[in-house]
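Below is one structure, written out as structure tokens; the observations come after it.
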2 protein chains.
Amino acid sequence: MDATGRPGDNSPTALERIRALLHPETLPSDRRLPTERQLSEDLGVSRRSVRRALDVLEAEGRISRRRGAGTFAGPCPPLNASAMSERLAESDFMGVMEVRLSIEPPLAELAALRADARDAERLDRMTKNAHHSQDADGRELWDSAFHRTIAECAGNELYLAVFDLVDRVRQNAEWRQLRERARTHSALSLYAGQHDAIVESIRRRDPERAREAMRTHLSALRESVVRMMETGADDVG
Amino acid sequence: MDATGRPGDNSPTALERIRALLHPETLPSDRRLPTERQLSEDLGVSRRSVRRALDVLEAEGRISRRRGAGTFAGPCPPLNASAMSERLAESDFMGVMEVRLSIEPPLAELAALRADARDAERLDRMTKNAHHSQDADGRELWDSAFHRTIAECAGNELYLAVFDLVDRVRQNAEWRQLRERARTHSALSLYAGQHDAIVESIRRRDPERAREAMRTHLSALRESVVRMMETGADDVG
DNA sequence: GCACCGGACCAATCTGTACTTGGTTCAGTT
DNA sequence: AACTGAACCAAGTACAGATTGGTCCGGTGC
């Protein structure tokens with residue numbers, strides 16, 4: 001090419017021609033640009049020059065790039081479900097509790113509005129299962145099922161999916177031991193009472209009380225673990 | 001086998017032997033039972049009989065089954081991320097707004113606690129981009145990016161993943177036209193002011209106000225669309 | 001020494017395919 | 001009438017291969 005004649009001139013011209021691709025009329029519906037290799041071939045410059053041009057556009061906020069996905073005009077589209085599952089192993093305990101404290105009280109509120117008598121019966125059975133379990137696994141299991149059933153009763157598919165996303169992280173991480181140690185004998189009966197209060201609020205269709213009961217329960221759980229972390233030796237990743 | 005000798009006796013014996021598998025000691029860590037075909041071979045009875053036995057255990061709440069996944073002791077483990085993505089196309093607009101009204105105000109609250117000056121600058125740029133966009137696509141795009149950036153500022157990976165899950169549904173569904181019609185000229189300036197109020201609250205590190213500002217904004221958006229649906233012809237799946 | 005090119009390699013992502021598994025139906029057998 | 005075996009369907013999983021942006025290195029021409 002004419003690279004020899006005008007040193008340092010390839011990127012600017014490439015930049016100009018790529019900028020022309022960003023107008024709404026010339027964009028595909030997913031706002032995706034050709035790949036860097038493709039642009040390199042189309043514009044007759046090296047991929048390095050293309051990348052420099054794209055660096056400028058990115059700094060201007062006009063494009064965004066994601067390795068493996070492509071280059072897009074404007075902000076990044078949300079990534080696929082399978083992709084984000086991996087990053088969630090990094091979550092720490094407090095982060096999960098933060099999310100749970102945000103979503104579960106409203107879920108309980110919705111459940112109180114929409115659950116029928118059969119749902120209340122299911123919830124009641126689960127709290128009893130959890131309370132009567134002898135081993136740690138059983139408690140974990142039925143406690144988890146209890147919270148998920150509330151999410152089901154909320155009657156919102158998307159909200160249930162959100163809950164499952166959080167729940168999966170919660171179960172994958174190795175905090176079972178931590179939580180179990182936080183469940184002293186006195187704490188267990190406290191939680192049992194809180195569970196009952198939640199179920200009772202839902203049965204009586206008292207949304208406010210259900211929300212507050214759930215908030216109280218999760219706060220107690222968090223505080224208990226926090227206290228454990230302070231006294232215990234282990235740090236919690 | 002001896003099926004001929006004791007009619008109706010296969011399922012009960014199978015039930016008994018499967019029940020023995022449910023004790024915690026004999027269960028694998030994922031609490032998964034052998035497949036129905038495997039059980040059928042192991043116990044020397046037909047798959048039909050195995051299924052009848054499993055029906056009983058399921059009715060008792062001791063196992064749960066999911067096609068494609070397997071049979072599990074106790075409640076179902078949450079399904080994979082990729083699997084639940086499909087079911088979300090069924091979500092309706094009000095359902096999505098319900099979730100957004102639950103999660104985004106707390107996200108704004110957290111953002112106000114944790115965002116730094118650079119974050120506030122980014123948010124400010126995005127509101128301006130959204131406000132200055134001439135076409136509907138541009139507004140949609142930058143508005144979406146604005147809300148996502150707030151989620152980023154909250155500094156909670158899991159919470160961000162939750163937001164993305166909701167956001168993907170929001171974008172996939174064909175409500176762009178609906179939302180755009182809801183954006184009358186007066187509504188647009190209203191939203192612009194609300195966006196600014198959110199950014200301002202975050203910049204001033206006022207969590208309460210940020211949360212309320214976000215709640216106000218989403219409520220206004222929902223009300224606007226609801227009013228549209230009442231007057232407009234189309235129903236909204 | 002400088003700017004660029006070509007190529008190679010890595011890591012994140014996406015896609016498609018083949019397999020597994022519970023759910024269902026149906027003809028055959030005793 | 002009850003069970004069996006087999007086939008098929010639909011939901012879910014798991015794995016491999018291709019694509020794509022990110023990075024680095026040696027070569028080329030001035």
Side-chain angles (χ1 to χ4, degrees), chain A residues 1-14 18 30 32-41 43-55 57-58 63-73 76-90 161 164 168, chain B residues 1-15 18 30 32-41 43-55 57-58 63-73 76-90 164 168:
Chain A
M1 304 303 309
D2 55 358
T4 67
R6 281 166 287 170
D9 212 32
N10 278 341
S11 291
T13 57
I18 294 175
D30 60 355
R32 189 178 168 181
L33 303 186
T35 72
E36 295 180 354
R37 290 165 177 84
Q38 188 66 47
L39 284 173
S40 164
E41 189 177 341
L43 307 182
V45 294
S46 77
R47 199 181 146 205
R48 188 98 178 86
S49 302
V50 169
R51 278 186 63 73
R52 260 201 297 270
L54 291 176
D55 285 342
L57 292 172
E58 188 177 28
I63 65 168
S64 37
R65 307 187 266 188
R66 246 199 359 255
R67 171 165 28 176
T71 305
F72 301 86
C76 262
L79 36 61
N80 250 7
S82 52
M84 67 175 161
S85 302
E86 261 91 279
R87 290 215 296 250
L88 299 183
E90 310 162 5
D164 277 339
R168 191 141 31 80
Chain B
M1 303 304 301
D2 55 358
T4 65
R6 282 166 286 173
D9 212 29
N10 279 340
S11 292
T13 57
L15 175 57
I18 294 175
D30 60 354
R32 188 177 169 183
L33 303 187
T35 72
E36 295 180 354
R37 290 165 177 83
Q38 188 65 46
L39 284 173
S40 164
E41 188 177 341
L43 307 181
V45 296
S46 74
R47 199 179 146 205
R48 188 103 179 81
S49 303
V50 170
R51 280 186 61 73
R52 259 201 298 271
L54 292 176
D55 287 342
L57 293 172
E58 188 177 28
I63 65 168
S64 37
R65 307 187 267 188
R66 250 201 352 259
R67 168 165 30 177
T71 306
F72 301 85
C76 263
L79 36 61
N80 249 8
S82 52
M84 68 174 159
S85 301
E86 261 91 279
R87 289 215 297 251
L88 300 183
E90 312 162 5
D164 278 340
R168 191 142 31 81

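A note on names: the letters A, B, ... follow the listed sequences, proteins ahead of strands, and every chain is numbered from 1.
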Using whole Å, report how far [atom1] of [X] lies from [atom2] of [N].
X     : N      : atom1 : atom2 : value
A/D55 : D/dG22 : CG    : C1'   : 10 Å
A/D30 : C/dT13 : CG    : C1'   : 15 Å
B/L39 : C/dT20 : CG    : C1'   : 15 Å
B/R65 : C/dT20 : CZ    : P     : 21 Å
A/L79 : C/dA11 : CG    : C1'   : 15 Å
B/R67 : C/dG23 : CZ    : P     : 7 Å
B/L33 : C/dT21 : CG    : C1'   : 13 Å
A/R47 : C/dG6  : CZ    : C1'   : 11 Å

Close side-chain approach of A/T13 and A/L43, heavy atoms under 4.5 Å: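 No. Closest side-chain heavy atoms not under 4.5 Å.
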Close side-chain approach of B/T71 and B/R32, heavy atoms under 4.5 Å: no
Distance, nearest 0.5 Å, that separates CG of A/L54 from CD1 of A/I63: 4.5 Å
Distance (rounded to the nearest 0.5 Å) between B/S64 OG and B/L57 CG: 11.0 Å
B/N80 or A/E36, whichever maps to the more 5' nucleotide of DNA chain D: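 Result of the comparison: B/N80.
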Among the nucleotides [options], which one has an atom lying closest to any side-chain atom of [X]?
X     : options               : result
A/R32 : D/dT4, D/dT20, C/dG22 : D/dT20
A/S49 : C/dC14, D/dG22, C/dC4 : C/dC4
B/R52 : C/dT13, D/dC3, C/dG23 : D/dC3
B/R48 : D/dT4, C/dT13, D/dG21 : D/dT4

Distance test, side-chain N/O of A/T35 to OP1/OP2 of D/dT19, below 4.0 Å: no
Side-chain N,O (B/T71) to OP1/OP2 (C/dT21) below 4.0 Å: no
Residue of the set A/R67, A/R48, A/R52, A/R47 for which salt bridge (Lys or Arg N to Asp or Glu O under 4.0 Å) holds with A/E36: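 Single pass found, and it is A/R47.
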Sugar-phosphate, base or nothing in reach of B/R66, heavy atoms under 4.0 Å: sugar-phosphate
Earlier contact from the 5' end, DNA chain C, for A/S40 and A/R37: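 Upstream on the strand: A/S40.
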